[in-house]
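This report refers to the structure that appears directly beneath it.
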Amino acid sequence: NRANSQSLKDDNSLQTILTAVHTKRVVSIDYRSSYGDETLARAIEPVGVYLENGNWYLIAYCRLREDYRNFRIDRIARIELYDEIFVDEHLELEEYLYELPQTTALERVRLTVDRSLAKFLVTEKYYHGFVSETEHGDQIEMTFMSASLDGFARWFMMFGLGANSILEPAELQVRVRTLAKEILEKE
């Protein structure tokens with residue numbers, strides 16, 4: 001059964017994809033290739049979305065290719081959310097991103113923030129490679145796959161006192177300390 005057809009011209013296209021990820025529903029897309037004007041119809045099982053170099057990507061299991069594929073969201077000409085729920089278990093987004101080729105050079109970042117701060121990061125976190133979060137009392141542990149530890153360190157410093165600790169990588173801790181020292185030395 002097909003339902004809820006939405007075009008990417010709608011403002012809710014990303015929301016449609018996120019709904020499909022959350023509810024494990026099959027999606028049909030018409031996808032424009034990067035090398036030509038050809039548009040290919042694909043039935044996919046969405047795994048998750050991530051932002052890299054200013055572009056949103058959808059990771060999904062492609063039924064046509066019988067393998068995982070990245071789809072740049074701005075190249076999706078049409079999207080249709082099916083009622084069909086897929087039953088296959090797929091890689092978690094974090095696992096998939098971690099296994100990307102080394103040319104992508106993503107680094108795993110884990111940190112904790114106050115629950116009161118997390119509500120302000122709802123949209124912003126996706127621009128920094130957000131993958132998942134886990135609640136631990138009044139703390140939220142967040143996991144990211146970041147393409148730039150320097151950029152991430154600067155963003156982390158904006159959290160102020162709501163930022164609790166960087167769990168990994170140690171290199172990010174060093175970069176944050178270095179930035180803080182540079183700021184203090186300017187006065």
Side-chain angles (χ1 to χ4, degrees), residues 8 10-22 31 34 46-61 68-76 79 90-187:
L8 270 180
D10 297 343
D11 291 337
N12 295 326
S13 58
L14 186 57
Q15 185 59 48
T16 300
I17 292 168
L18 293 173
T19 297
V21 169
H22 179 71
Y31 189 72
S34 62
V47 173
V49 297
Y50 69 99
L51 184 73
E52 181 178 283
N53 299 323
N55 294 306
W56 285 99
Y57 290 87
L58 164 64
I59 297 171
Y61 179 81
Y68 293 96
R69 294 287 191 260
N70 290 350
F71 299 96
R72 213 169 100 173
I73 292 179
D74 64 337
R75 291 188 184 143
I76 298 175
I79 184 169
H90 296 296
L91 294 173
E92 294 292 324
L93 178 61
E94 181 179 0
E95 294 171 297
Y96 186 89
L97 291 174
Y98 193 75
E99 292 180 8
L100 282 176
Q102 291 299 342
T103 57
T104 306
L106 297 177
E107 180 119 22
R108 183 166 128 145
V109 173
R110 287 187 323 121
L111 53 91
T112 59
V113 298
D114 290 340
R115 178 185 300 279
S116 60
L117 173 68
K119 64 185 173 189
F120 297 108
L121 304 177
V122 172
T123 303
E124 185 76 14
K125 64 188 177 186
Y126 291 102
Y127 291 98
H128 297 278
F130 174 76
V131 173
S132 65
E133 63 184 36
T134 308
E135 297 181 19
H136 299 283
D138 61 348
Q139 302 293 307
I140 305 289
E141 181 180 318
M142 303 176 90
T143 301
F144 298 82
M145 295 302 286
S146 177
S148 169
L149 287 184
D150 286 325
F152 199 96
R154 293 173 189 277
W155 180 62
F156 180 81
M157 290 190 67
M158 292 173 39
F159 299 173
L161 297 175
N164 292 322
S165 62
I166 297 169
L167 304 174
E168 67 175 291
E171 181 181 347
L172 180 59
Q173 295 170 345
V174 171
R175 290 182 188 201
V176 168
R177 285 188 195 109
T178 301
L179 285 172
K181 183 178 176 186
E182 289 173 11
I183 291 168
L184 289 173
E185 289 174 352
K186 280 190 165 191
E187 291 189 19

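Source: prediction; values computed, not measured.
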Give the minimum heavy-atom separation between A60 and P46, together with the two atoms involved.
-> CB-CA, 3.7 Å
Using side-chain contact (heavy atoms from CB on, under 4.5 Å) as the criterion, list what pairs up with T134, not counting sequence neighbours.
-> H136
Close side-chain approach of I59 to N70, heavy-atom, < 4.5 Å = yes
Show which side-chain atoms of residues 149-158 pair as donor or acceptor with protein atoms under 3.5 Å away, not counting sequence neighbours.
unit_1	atom_1	unit_2	atom_2	d
D150	OD1	R175	NH1	3.0
W155	NE1	E124	OE2	3.3

CG/L111 to CZ/F144 distance, rounded to the nearest 0.5 angstrom?
-> 5.5 Å
Keeping to residues at least two apart or across chains, list the salt bridge (Lys or Arg N to Asp or Glu O under 4.0 Å) pairs with something in residues 128-137.
-> R115-E135, K125-E133
Atom pair CD1/CG of I166 and L172 - distance to nearest 0.5 Å = 4.0 Å
When rounded to the nearest 0.5 angstrom, what distance separates CD1 in I76 from CD1 in I17?
-> 4.5 Å
Between A118 and V113, what is the shortest heavy-atom contact and its length?
-> CB-CG2, 4.3 Å
Only counting residues at least two apart or in another chain, list the ones meeting side chain to side chain donor-acceptor pair (under 3.5 Å) with Q173.
-> none
Could you tell me which residues satisfy side chain to side chain donor-acceptor pair (under 3.5 Å) with R177, sequence neighbours excluded, listed by chain and number?
-> none
Is there a donor-acceptor pair under 3.5 Å between the side chain of Y31 and the backbone N or O of R72?
-> yes
Hey, does V109 have a side-chain heavy atom less than 4.5 Å from the side chain of H128?
-> no
Value rounded to 0.5 Å, distance of CD in E107 from CE in M145 | 8.0 Å
Shortest non-hydrogen contact from L18 to V49?
-> CD2-CG2, 3.6 Å
Pairs touching residues 162-181 that satisfy ring pair (Phe, Tyr, Trp, His ring centres under 6.0 Å), sequence neighbours left out | none
